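Nothing here was measured: the structure is a model prediction, and the numbers come from that model. We use all heavy atoms of the structure for the numbers below, so side chains are in, but hydrogens, waters and symmetry mates are not. So that the names make sense, note that chain A is the first sequence line, chain B the second, and so on, each numbered from 1.
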Amino acid sequence: MFKKVDSNPNFPKLENNLLAKWKKNNTIKKYTKKNSKSKETFSFIDGPITANNPMGVHHAWGRTYKDLFQRFYTMLGREQRYQNGFDCQGLWVEVEVEKSLGFKSKKDIQEFGVEKFVNLCKERVNKYSAIQRDQSIRLGYWMNWDDSYYTMSDENNYSIWGFLKKMNENGKIYRGTDVVPWSGRSGTSYSQMEIIEGRKLVAHRSVFIKFKLKNKINEYVLVWTTTPWTLTSNVSLLVNKNLNYAKCKLKNGDVFYVAEPNLKHQRLEKEFKEKKEWIEGVPKLKSLDQLFNERGGYSVEKIIKGTEMIGWEYSGPFDELDAAKIAGGYPFTNNDLEDQKINAIKCHRILDGGKDQEGNDIVNSGEGTGIVHTAPGCGDIDFKIGKQNNLVALAPLDEEANFIENFNWLKGKNATDSKTIDLILEDLKDKELLFYTEMYPHIYPHCWRSGDELVFRLVDEWYINMDWREDIKKSVDQTNWIPAWGKQREHQWLNNMGDWMISKKRFWGLALPIWEFEDGSFYIVGSKEELKQLACEGWEEFDGNSPHRPWVDKVKIKHPKSGLIGQRVLDVGNPWLDAGIVGFSTLNYNNDKDYWKKWFPADLISESFPGQFRNWFYSYLTMGTALAQETPTKNIFSYALVRDESGEEMHKSQGNAIWFDDAAEDIGVDVIRWLYARQNPENNLRFGPEITNEIRRQVIIPLWNIYSFFTNYAILDKFTPPKNFSEPKSKNLMDQWILTEVKETTDDVKNHLTLYQPDKATLAIENFINLLSNWYIRRNRRRFWKSGDFESNQIDDDKFSAYETLYFVLVTLSKIMSPMIPFITEEIYTNLTKDTKWGKESVHLEDFPFFKTKSLDESELQIATRAAMKISSLGRSARSKTKIKVRQPINNLHFKTKETITSKYIEMILTQVSDEVNVKKVKHVNKSYQLSNIIIKPNNSILGPRIGSKIGKLNNEIQSLNHNELYKELLIHNKIIISDIELTLEDVHIEHTSLDNSEFIEDNNFKVSIETKLDNNLIEEGISREIIHNIQNLRKNSGFNISDKISMFYYGDEKIEKVIKKYQTHISEEILATKIMKCESNRGSNIKFKINNSTISINIDLS
RNA sequence: GGGCCAGUAGCUCAGCCGGUUAGAGCGCAGUCCUGAUAAGACUGAGGUCCCAAGUUCGAGUCUUGGCUGGCCCA
C-alpha cells in the first residue's frame, strides 16, 4: 500500500529525510557501483573547486550540471569514476590564512615561520573541502566522496614535476629577466591570467613634465605620464620619427616641443561625454592648446619631423639621485655598459620609439604629448626598448614596492602611496619642472586580492615557452565546444597569450622542481625517485613530508653532468598547473597506463566560461596536448554566471550574495536544481526568491499535485501496482494519448541530454507536465472517482486503465526527471514501487527508459488531441467574449480546421470538446460560411492600380450583394465578375464575423463558432449546475470528507423548485445527498445566493 | 583600437531548414473554472521583431552597411 501523500509538503524537510535514508541505505555507493561491470564508460573529469570557502549558490549551478550529466549516463549504463576534485594550492588560500592571522605582508609570514604557515594553509583546505563535500551531498551531488582528489596531493605535485621535466627536455622552460606586474602587498609577480582578473578603472594623477634640452636655452620637450614614480628611473625619451612636432613658444619665453596633432586634440572626449569608462567627479581633460593659452598664449614657431629630434640630449628630472650615476644601471648591472662607464644620465637622449610586435607604432599621436618617457626598469615595453638600444635600466623598487638604496630621499617610500606621489610632485615643482597635474581616468592593473595598484618590477621569473601553441589549437579543434563559440574564444586566447609565467615568489603551492647551480645552469627534477637519486643533502629532513615548502627547499642535488651542487629556486608554481594536470594525476598516468588509457581522454569537462578560457580550459588542454599529443577531452560544456534577481553581480560586500546553505534550507535544492537545469547555459542566470517561487509553482507543485492526486485515490481504491512494469494496453484514447506523449518526452529528453542540452530536455518535461496536469488529469478525474475498488474486484476496465496508465506515466516521469531533481523523484518512485518485485531500491538505480519510435497512429492521435485542446480553448474564449459562464450549457459549437484529422479520432474530439466547453453538440464543418458571415472587401492596394476610379462603384456593388453567396461562388469558380470586373481571391480581403446568435473566433489553424442563444432547458440545466457548484464549495468549506453523505435543505421560489425537482437525481449524485428537502421558510441557511433573479438558501448536514 | 555575440510584448526570454495572422512565463487589469491544485483557464495588450539597403514568389530568420548594448582581448 502506498504511503499517504501530504498535499502541501515541506520540500527542504522532505529532502533532508531522503538524505538520511540514502545515508542509512548506503544508496550513493550502490549508485556508483551500478555499472561497474559495464563495457561502456563515460569519463567525466572534474575541474577542481577551490577549497577555500563555503559554497555559494553559483557553485551549485555547475555542480547541478555535473551531477545531471553523470546521472544521465549512469542511467544509460555507462561505467564512471564519479571523482570530485578540490583545488588546494595557491595565493587565494594564503590570502585567507594571512587574513585570519592579521598579517600585512610577506615579511610577517617569514617571521611567523613558513612551515607553520604552510601547515595552516593545508588545514584550511582540509576544513573547507569537508564543508564543500557536505554541501555537495546536500545538493544531491552523488560522487565517490571517499575518492576525491586534492591538487595538493603528492601524486598531483609530482605529476607536474614530470610535465615540467618533459617541457624542459623539449627546450621549453627558461628563466627570463623581465619587467612584470608586481604586487607589493603580496610580494610576488602576477601572471597574465591574474592581471586580467584585476583590471579596473581608476583615476590617477597624471603629470606633464618639462625635460630640459641640453645645448639649448629655455627649450624643453614636454612629457606626459600617469605613473610619476617611474620618472625617478627615466633613462631616455621616445618620439615617432614620422610624426610632426610643433615648436611652441609661450609668453614667458619657454619653448616646448610637442606632437603637432596633439595640440588641439580633445583628450578622452568620447569617454567624458558618454560617461563610459569615466569616473564621476573627474573634470574634463584640457588640451595642450588650452594649457598653453592659460599660460598667456603661445605661437608655433616651426614644425619639424620626429626624425630631426632623434639624438637630442636632455637633463633628466632626477639626475641628482645616486642611482642615475651608477655605471651599468642599478641594481641589475649590465656588464658591457658598466665597462663603458655608461650610466642613466649618459643615456639621456631622444630615440625612435619604433614598432611593437604587431607592427604598430609605439609612440602615437593623440593622448599625451607625442614624446614618451622610458624607464627600462619600470615597464615591459620600456625594458624591450632598453635592450634594443643598449640602455641601462634602473629598477627602483623592492619586493614591497618601496624605493631602494641609492634613490636617496625616496628610499623606503612606497611607490603607490599617494603621499610618495605628493613628495615626488613637490620635488618636481621645486625644480620648476612640473608643468601641469590632472586627474586621469584609465584602466590599470590591480591586485585581484587586495585591490591595490600593481607596479612593474624587473625580476627573474620562470616561463614555459609557448611557441608550440599550434599543437594546442589542434586539440581545441578536436574538441566539441558547448556553446560552439567557445572554440573560437579559446583560439583567440591561444593566439594572443604570451609565454606562460609559472613562477611566483610565495609559500603555499607547487614547489617548482627547478634546481639552480653556480654556473648559471639549472636542472629540472621529474619525480620523487629522481630527487632521491640526485639528493646529496637534506633528503632525510625532507623524506616523509609532502613536496612543499619549506621541506623540499632543504634538499640539495648534485647535477648529473656537471657534478655541481645546486639548490631549489624558492618559487612556487602557477596554480593552473595544479588543475591542468588532473587528466593525468588522477588517472594513474605514472603507475597504471592501462587505467589511464581507459579513462583518457575525458568525455566531458565542464566549468563556467568566464575566465576558464585562459585558466583551466587552457591549462588542461595545454598539459593534455603536451603529454598525450591529443585533446584531453571530447566535450567541453560551459555556462555563464549567476546574478541576483535584478541581474546584478552577487557580491559579499554588497549584501546580495546568497550562501548555498541558506538557499538549500529555505527553498529546497530540487527547486534550485530545476531552475539551473532549465536555464539556457549561455545566458547569465538570475537567482532569487521570486524566481525560485515561480519554478516551485510552475513545475514542482504541479508535479507533486499529480502525484498526490494519484496516490491518495489509489489508496482509497486499494490499487496495487502491476506485476510487471510495462506499457499498459488501454482502449481509452486519452490513455493512449498520454502514453504517446510520455514516450515522446522520454525520447526528447534522452536526445537533448546526449547533445548536452539540459535546458531543452527540461523544458520538454515542463511541457509534458502541463499536458498531463491541464488536460489528461482534468479530463480524466471522473474515471478515478467512479465507484468500485480493486480489492473487491468491482472495478470496470476503464477505471482500471486510468489507474494503470497514470501509474506508468508517473513512474516513467520520476525516472526521466531524476537526473534533474533527485529528491522528489526518489520520493515519488519509491512510494509507488516499494511493494513491487521489479522496483529498485532507488530511482537512481534505474535505467533510462527506452521506447519504440511513435507510430503513425500515435502521431495522428496526438494531432487530434491537440486539436481538441485548441478548439476547447477557443470555445472558452468565445464564451468569455459573450460572458456565458462555462457552467451554463450551450447547444452548439462548430469548428473548422486546416489540420488533417483522421476520421477515427473525430468522435473523440467531439466528446472532449463537448465536455470541456459544456456544449450539447459539437460539429466539424468544412466551409467557412457554416460558422461565420463572410465579408468581402476589395483589396485596394491591388485593385487601385488596376481599375483606378472604378473602385468606388465596385465597392457599392459588392456591398449590395450577399457575401456568403459570393464567397461560395468564388470558391467554386476561383473568380467572380462584378461590374464587368473579374475578381479572384487575391483581389479581395475576406473577413469573418459571427453569425446571428453566435460568437465566432479563430486562430491560425482553427475557426470556432458557438451558439449563444439559450432556451429554457439550457437555462434550467445551468441553474442546476450553479446549485451543485455552490453546494460543493459549501461541503468543502464545512470540512466534510469527500465521501461524506449529506442531507440538503433549501428554500427558494418556484423556478428554483422546478429545477431542483427536474435534476434531483443528478444533483443527489453529485453532492452525495441522501435526501433533498424544501423548507417552508428560510431556516438558518449555510449559504444564500442569487441565480437569474431567484434567491436560494441552502443548508446541509451530515446525514 | 581588434575579435565575438546580442537587439523580438512593461520585464525575462523562445522562435528549428526562410513559409499564412510572431509565441511562453512573469507583472498589471478583469472574468471564469475547480472535491488533485496556496494551482489552473480565458480576455486585454492590436509588438516599427533596432534602422536601412539587398537576395527571394516570400525575411524576425539569409547578405551588406549603420546604430545600441554585452563579453573577450589590446
Side-chain angles (χ1 to χ4, degrees), chain A residues 5 7-8 192 195-196 199 274 276 356-358 360 364 366 443 483-498 609-611 613-614 640-641 643 645-647 678-680 682-686 690-691 693-714 759-760 763 766-767 770 772-775 777-778 780-782 784-785 806 869 872-888 898 916-918 1001-1005 1025 1028-1029 1031-1044 1070-1072:
Chain A
V5 177
S7 62
N8 187 14
Q192 199 180 356
I195 300 158
I196 293 167
R199 299 194 109 108
E274 294 176 356
K276 274 194 311 192
D356 66 13
Q357 280 174 314
E358 277 146 33
N360 301 314
N364 293 308
I443 291 169
W485 51 261
K487 180 180 282 186
Q488 223 178 338
R489 188 58 82 70
E490 192 63 55
H491 271 295
Q492 204 193 335
W493 164 254
L494 289 169
N495 287 335
N496 293 330
M497 68 177 188
F609 49 64
F613 294 104
R614 59 175 184 271
L641 296 169
R643 295 286 176 88
E645 215 147 39
S646 50
R678 81 194 290 279
Q679 172 76 7
N680 177 344
E682 284 187 59
N683 296 341
N684 286 336
L685 182 148
R686 295 181 178 211
E690 301 263 327
I691 290 161
N693 273 338
E694 195 182 317
I695 299 293
R696 189 186 300 106
R697 275 203 344 249
Q698 233 177 286
V699 186
I700 304 298
I701 288 180
L703 172 68
W704 190 263
N705 287 335
I706 295 165
Y707 161 63
S708 92
F709 167 81
F710 172 83
T711 314
N712 291 338
Y713 276 98
D759 52 332
K760 295 205 166 133
L763 294 175
E766 280 189 18
N767 187 43
N770 188 34
L772 179 62
S773 171
N774 291 331
W775 195 252
I777 303 268
R778 234 167 41 135
N780 288 288
R781 266 179 301 192
R782 285 175 179 270
F784 292 88
W785 297 342
L806 188 51
M869 291 168 74
S872 302
S873 159
L874 289 168
R876 277 192 294 261
S877 166
R879 273 178 168 281
S880 145
K881 272 193 181 164
T882 51
K883 305 214 188 296
I884 301 176
K885 293 181 182 182
V886 180
R887 274 198 292 277
Q888 175 60 59
K898 291 176 194 160
E916 191 68 19
V917 189
N918 193 16
I1001 192 159
E1002 63 178 331
D1003 82 344
N1004 286 354
N1005 290 319
R1025 292 195 50 161
I1028 291 169
H1029 166 73
I1031 295 173
Q1032 298 290 35
N1033 281 341
L1034 186 56
R1035 282 182 61 112
K1036 200 176 182 179
N1037 295 335
S1038 311
F1040 293 174
N1041 275 329
I1042 297 171
S1043 49
D1044 286 343
E1070 287 293 317
I1071 66 169
L1072 295 182

Per A:Ser877 side chain, nearest of listed nucleotides B:C73, B:A14, B:U43:
B:U43
Under a 3.5 Å cut-off for both contacts, is B:U63 paired Watson-Crick or G-U wobble with anything, and if yes, with which nucleotide?
B:A53
Can you tell me, in whole Å, how much space there is between the P of B:C26 and that of B:A22?
22 Å
First encountered from the 5' end of RNA chain B, between A:Asn683 and A:Gln698
A:Asn683
How is A:Leu763 classified with respect to the nucleic acid when contacts are heavy atoms under 4.0 Å: base, sugar-phosphate, or nothing?
nothing
The side chain of A:Gln488 is closest to which nucleotide in this list: B:A14, B:C42, B:C4?
B:C4
Round to the nearest Å and state the distance from A:Met497 atom CE to B:G2 atom P.
24 Å
When you match A:Lys760 and A:Arg489 each to their closest nucleotide on RNA chain B, which lands nearer the 5' end?
A:Lys760
Name the nucleic acid region contacted by A:Asn8, choosing base, sugar-phosphate or nothing; use a 4.0 angstrom heavy-atom cut-off, strictly under.
base
Counting only heavy atoms not in A:Glu690 (residues, nucleotides, ligands), do more than 12 fall under 6.0 Å from its CD?
no
In whole angstrom, give the distance that lies between atom CG of A:Asn767 and atom P of B:G25.
11 Å
Find the distance A:Asn684:CG to B:A6:C1' and express it as a whole number of Å.
13 Å
Classify A:Arg614 by what it touches in the nucleic acid, base, sugar-phosphate, or nothing, heavy-atom distance under 4.0 Å.
sugar-phosphate
According to the interplanar angle, ranging from 0 to 90°, do the rings of A:Trp485 and A:Phe609 count as parallel (below 30°), tilted (30 to 60°) or perpendicular (above 60°)?
perpendicular
State whether the distance check finds a donor on one side and an acceptor on the other, under 3.5 Å, for side chain A:Ser773 versus base B:A36.
yes
Just the rounded figure in Å: distance from P of B:C73 to CD1 of A:Ile443.
11 Å
Pairwise distance CG(A:Leu685) to CZ(A:Arg678) - rounded to 0.5 angstrom:
10.0 Å
Choose from B:C73, B:A38, B:U34 the nucleotide whose nearest atom is closest to any side-chain atom of A:Arg781.
B:U34
Between A:Phe709 and A:Tyr713, what is the ring plane arrangement, given parallel below 30°, perpendicular above 60°, and tilted in between?
tilted
Donor-acceptor check, side chain of A:Asn712 to backbone of A:Val5, threshold 3.5 angstrom: yes or no?
yes
Look at the side-chain N and O atoms of A:Ser7 and state whether any lies under 4.0 Å from the OP1 or OP2 oxygen of B:U37.
no
Pairing nucleotide - B:A41, Watson-Crick or G-U, each distance under 3.5 Å:
B:U31
Establish whether the base of B:A39 is bridged to the side chain of A:Asn705 by a donor-acceptor pair shorter than 3.5 Å.
no
In terms of side-chain heavy atoms of A:Trp485, which of B:C4, B:G35, B:C73 is nearest?
B:C4
Whole Å only: how far is the CZ atom of A:Arg1025 from the P atom of B:G35?
10 Å
Contact class for A:Arg199 vs. all strands (heavy atom < 4.0 Å): base, sugar-phosphate, or nothing?
sugar-phosphate
Closest approach to the side chain of A:Arg887, judged atom by atom: which nucleotide of B:A74, B:C33, B:C73 is it?
B:C33
I want to check one thing: is the phosphate of B:A36, taken as OP1 and OP2, less than 4.0 Å away from some side-chain N or O of A:Tyr707?
no
For B:C26, the nucleotide meeting Watson-Crick or G-U wobble distances (both under 3.5 Å) is B:G10
A:Arg697 vs B:A39: side-chain N/O to OP1/OP2 distance below 4.0 Å:
yes
Rounded C1' spacing from B:U68 to B:C51 in Å:
11 Å
Reported CG-to-CD1 distance for the pair A:Leu1072 and A:Ile1031, which is rounded to 0.5 angstrom:
11.5 Å
Give the rounded distance in Å between these two atoms: CZ of A:Arg696 and P of B:G40.
14 Å
Point-to-point distance, once rounded to the nearest 0.5 Å, from CG of A:Asn683 to CG of A:Leu641:
11.5 Å
A:Tyr713 side chain: which of B:U12, B:A36, B:C71 is closest?
B:A36
Searching all strands shown, indicate the nucleotide that pairs with B:C71 (Watson-Crick or G-U wobble; both distances under 3.5 Å).
B:G3
Using modelled atom types only, decide if a donor and an acceptor are shared between the side chain of A:Asn767 and the backbone of A:Leu763 within a distance under 3.5 Å.
no
Test item: A:Gln492 side-chain N/O and A:Asn496 main-chain N/O as donor-acceptor pair under 3.5 Å:
no
Determine the interatomic distance between P on B:C71 and the same-named atom on B:U12; round to the nearest Å.
15 Å
Take atom C1' in B:C49 and the same atom in B:G60, then report the distance between them in whole Å.
5 Å
If the cut-off is 4.0 Å, is A:Gln192 near the phosphate of B:A74, judged by side-chain N/O to OP1 or OP2?
yes
How would you label the glycosidic angle of B:C17: syn (within 90° of 0) or anti?
syn
Touch class at under 4.0 angstrom, heavy-atom based, for A:Glu694 against every strand present:
sugar-phosphate
Rounding to an integer number of Å, can you tell me how far A:Ile695 CD1 sits from B:C13 P?
14 Å
Between A:Arg876 and B:A41, is there a contact of a side-chain N or O with OP1 or OP2 at under 4.0 Å?
no
Taking the same atom, C1', in B:G7 and in B:U61, what whole-Å distance lies between them?
14 Å
Listed nucleotide nearest any side-chain atom of A:Asn774, set B:A74, B:G40, B:C73
B:G40
Please report the distance, rounded to the nearest Å, between CD1 in A:Ile777 and C1' in B:U37.
11 Å
Say you pick atom C1' in B:U21 and the same atom in B:G40; how far apart are they, in whole Å?
27 Å
Please report the distance separating the C1' of B:U56 from the corresponding atom of B:U64, rounded so that it comes out in whole Å.
16 Å
With a 3.5 angstrom cut-off on both distances, give the Watson-Crick or G-U wobble partner of B:U20, or none if there isn't one.
none
Inter-nucleotide C1' distance (B:G10, B:G44), Å rounded:
14 Å
